[in-house]
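Beneath this line is the structure, given in structure tokens, with notes to follow.
Any value given below was found using the heavy atoms of this structure, including those in side chains, with hydrogens, waters and symmetry copies removed. Labels below follow one simple rule: chain letters A, B, ... track the order of the sequence lines, proteins then strands, and each chain is numbered from 1. Predicted model, so just to flag it, every value in this text is computed and none were measured.
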Number of protein chains: 2
Amino acid sequence: MVSRPSLETATASDPDHFVEPLELGKRVKEIRLTKGWTLEEVSKRTGIARSTLSKIENDQVSPSFAIVQKLIGGLGMDLPQLFVEAQEHSMAGRRDITRYGEGEPHPTATYEHELLSYSISRKKMVPFKTIVRARNFSEFKEWVRHDGEEFLLVLSGSVVFYSEFYEPVELNEGDSVYYDATMGHIVVSLSPEDAQILWVVAR
Amino acid sequence: MVSRPSLETATASDPDHFVEPLELGKRVKEIRLTKGWTLEEVSKRTGIARSTLSKIENDQVSPSFAIVQKLIGGLGMDLPQLFVEAQEHSMAGRRDITRYGEGEPHPTATYEHELLSYSISRKKMVPFKTIVRARNFSEFKEWVRHDGEEFLLVLSGSVVFYSEFYEPVELNEGDSVYYDATMGHIVVSLSPEDAQILWVVAR
DNA sequence: CAATAGAGTTTATTTTAGTAAACTTGTGAA
DNA sequence: TTCACAAGTTTACTAAAATAAACTCTATTG
């Protein structure tokens with residue numbers, strides 16, 4: 001038999017377009033073994049030949065997208081799961097306390113932010129308390145706008161919440177609003193003292 | 001020339017393993033045009049032949065995973081982006097105000113929850129205010145435990161925050177804690193009046 | 001209105017993925 | 001030990017993807 005080049009060889013011969021192999025095979029095998037399935041069982045579930053599955057697990061082929069889709073169906077997982085590294089979540093069993101007034105300060109011209117739980121990175125939410133210095137819509141050059149969703153709770157004082165597609169609305173102590181942060185949004189104080197709010201952002 | 005079956009035909013002949021085609025081609029073309037690139041430019045960037053790109057965009061082939069990886073690199077996108085339907089996020093341009101005391105009540109023996117922003121579903125975070133009725137660790141049968149991460153802010157009164165892997169800690173008004181919610185966690189009031197806290201959960 | 005060139009498609013061919021069947025390896029029963 | 005067979009790998013082959021080159025279509029220019 002004429003030996004065919006292995007995947008590795010083929011890839012190495014084309015270094016310009018080498019991409020992190022993503023260890024697809026390893027990942028698939030891992031999932032299969034976790035569920036205690038044999039190649040034959042996965043073959044029945046997916047309609048992919050046993051031999052093909054073996055090659056995929058050993059990185060002897062670069063499966064076509066059609067095959068990858070069958071795999072996903074058969075292994076009962078969604079696409080991101082297959083590729084995104086089995087990232088043990090960074091929060092595992094952790095907690096982070098922030099005492100009153102001891103957050104990380106982030107002052108700006110219009111807002112005075114105090115970042116809470118700043119010692120844990122890579123978390124799903126970012127909570128911060130903000131003293132709203134701004135009194136006027138015009139103090140902002142532009143709508144504030146960013147990815148994700150935002151929750152706002154008025155802790156003290158009262159504010160006006162401006163948002164791109166809605167009329168401005170007054171919010172008093174204890175009122176809250178949940179909104180799409182890609183929509184322009186701006187908050188100004190209405191009370192004599194600067195209002196204080198809690199903000200939580202999630203991407 | 002002998003005509004070869006189209007992708008559609010091939011798929012249709014194997015209905016058992018038919019999966020949503022995911023309109024990969026459409027998606028790739030969309031991205032390419034957005035960036036104002038020609039097939040030739042993408043070819044140079046990815047190392048994939050112009051003809052192959054054309055076929056991918058027109059769903060005439062089911063590209064191999066190696067090709068998909070090159071595509072991702074060349075188009076400057078990550079994998080999920082390529083596959084996850086350009087899902088208009090459900091929050092698009094929306095906001096939801098909850099006035100003080102007007103959330104959706106959810107009383108339990110130990111906690112009295114008031115769900116905020118309950119009219120928007122499928123959001124990234126779930127915020128609620130809770131009056132902590134419990135005074136004692138023993139009022140709970142089991143650790144409370146669920147997926148995701150949780151942020152807690154004490155709005156009034158003082159509490160003790162018990163968590164599975166840490167010593168109990170006293171939290172007073174304005175203190176906050178961010179933690180992994182899969183770790184057992186329980187809160188009890190310490191002050192004469194029931195403490196009130198804000199909770200935000202993200203999955 | 002040729003002639004040229006840019007962008008995309010199709011053809012013809014090579015290369016690689018996908019499969020059935022043969023083979024290997026390991027395990028346990030008789 | 002030998003037989004059976006179950007799980008996985010490799011072989012030999014077929015089907016399909018990947019490519020270069022030829023082609024089509026538009027738009028532009030002299």
Side-chain angles (χ1 to χ4, degrees), chain A residues 1-14 16-19 21-22 24-26 28-74, chain B residues 1-14 16-19 21-22 24-26 28-74:
Chain A
M1 176 223 177
V2 173
S3 88
R4 289 192 299 181
S6 73
L7 237 199
E8 281 72 21
T9 310
T11 314
S13 71
D14 184 20
D16 278 343
H17 305 109
F18 183 87
V19 268
L22 257 171
L24 183 78
K26 204 177 136 202
V28 170
K29 185 164 193 172
E30 199 175 288
I31 291 161
R32 178 172 67 84
L33 293 180
T34 301
K35 307 211 173 189
W37 288 337
T38 66
L39 289 182
E40 186 53 35
E41 275 178 281
V42 175
S43 173
K44 279 190 193 122
R45 283 170 180 272
T46 58
I48 302 168
R50 193 167 79 252
S51 54
T52 306
L53 291 169
S54 170
K55 288 177 183 174
I56 291 171
E57 288 193 352
N58 295 297
D59 294 319
Q60 285 168 22
V61 294
S62 176
S64 73
F65 189 65
I67 291 286
V68 171
Q69 290 194 102
K70 286 184 183 176
L71 254 183
I72 290 159
Chain B
M1 175 225 177
V2 174
S3 89
R4 289 193 301 184
S6 72
L7 238 198
E8 280 71 22
T9 310
T11 314
S13 72
D14 185 20
D16 277 343
H17 304 109
F18 182 88
V19 267
L22 258 173
L24 183 78
K26 204 177 136 201
V28 170
K29 185 164 194 174
E30 200 175 287
I31 291 160
R32 179 173 65 82
L33 293 180
T34 300
K35 308 212 173 189
W37 288 337
T38 66
L39 289 181
E40 185 54 34
E41 275 178 280
V42 175
S43 173
K44 280 191 191 122
R45 283 171 179 273
T46 56
I48 303 169
R50 196 167 76 251
S51 54
T52 306
L53 291 170
S54 169
K55 288 177 183 173
I56 292 172
E57 289 193 352
N58 295 298
D59 293 318
Q60 286 169 21
V61 294
S62 177
S64 74
F65 189 66
I67 291 285
V68 171
Q69 289 195 103
K70 286 185 185 176
L71 252 183
I72 290 159

Notebook entry, point to check: S43(B) side chain to I48(B) main-chain N or O, any donor-acceptor pair under 3.5 Å?
Noted result: yes
Checklist line | Given DNA chain C, 5'-ward residue of the pair S64(B) and W37(B), judged by closest heavy atom | finding: W37(B)
Next item on the list: Could you state the atom-to-atom distance from CG of D59(A) to P of dG18(C) in whole Å?
Entry: 13 Å
Next item on the list: Would you sort out whether T52(A) and K55(A) count as a side-chain contact (heavy atoms from CB on, under 4.5 Å), showing the intermediate values?
Entry: CA-CA 5 Å; T52(A) 306; K55(A) 288 177 183 174; 5.7 Å; no
Note to self: For a side-chain contact (heavy atoms from CB on, under 4.5 Å) check, start with the C-alpha distance between I67(B) and V61(B), then their side-chain angles and the critical distance, and finish with the verdict.
What the structure shows: CA-CA 11 Å; I67(B) 291 285; V61(B) 294; over 6 Å; no
Notebook entry, point to check: Within the structure, does a side-chain N or O atom of R32(B) lie under 4.0 Å from either OP1 or OP2 of dA7(C)?
Noted result: no
Next item on the list: Report the distance from atom CD of E41(B) to atom P of dG6(C), rounded to the nearest whole Å.
Entry: 12 Å
Checklist line | Set of salt bridge (charged side-chain N to carboxylate O under 4.0 Å, His left out) partners for E40(A), sequence neighbours left out | finding: R50(A)
Item checked: Residue list, side-chain contact (heavy atoms from CB on, under 4.5 Å) with R32(A), at least two apart or on another chain -> K29(A), W37(A), L39(A), V42(A), E57(A)
Between the protein and nucleotides 24-28 of chain C, which nitrogen or oxygen pairs come in under 3.5 angstrom?
none

Next item on the list: Starting from P on dA17(C), measure out to CD on Q69(B) and report it in whole angstrom.
Entry: 12 Å
Check: side-chain contact (heavy atoms from CB on, under 4.5 Å) with S51(A): which residues, sequence neighbours excluded?
Finding: A49(A)
Check: Under 4.0 Å: is that the gap between some side-chain N or O of Q60(A) and OP1 or OP2 of dG18(C)?
Finding: no
Check: Any sub-3.5 Å donor-acceptor pair from Q69(A)'s side-chain atoms to A66(A)'s backbone N or O?
Finding: no
Checklist line | Beyond-backbone contact of L53(A) with L71(A), side-chain heavy atoms, under 4.5 angstrom | finding: yes
Item checked: Whole-Å gap separating C1' (dG6(C)) and CG (L39(B)) -> 12 Å
Item checked: Separation of dT10(D) P from I56(A) CD1 (nearest whole Å) -> 15 Å
Note to self: Please report the distance, rounded to the nearest Å, between CD1 in I48(A) and P in dA16(D).
What the structure shows: 15 Å
Checklist line | Closest heavy-atom pair and its distance - G25(A), D59(A) | finding: N-OD1, 3.4 Å
Notebook entry, point to check: Atom CG of L71(A) and atom P of dT19(C): how far apart are they, to the nearest Å?
Noted result: 11 Å
Margin query: Any side-chain N or O of S54(B) below 4.0 angstrom from OP1/OP2 of dG8(C)?
Written below: no
Next item on the list: Write down the distance between CD1 (I67(A)) and C1' (dA16(D)), rounded to a whole number of angstrom.
Entry: 11 Å
Checklist line | Sugar-phosphate only, base, or nothing, as touched by L53(A) at under 4.0 Å among non-hydrogen atoms | finding: nothing
For nucleotides 20-23 of chain C, which of its nitrogen or oxygen atoms have a protein nitrogen or oxygen under 3.5 Å away, and what is each distance?
residue : atom : partner : partner atom : Å
dA20(C) : N7   : S51(A)  : OG           : 3.4
dA20(C) : N6   : S51(A)  : OG           : 3.2
dA22(C) : N6   : R50(A)  : NH2          : 3.4

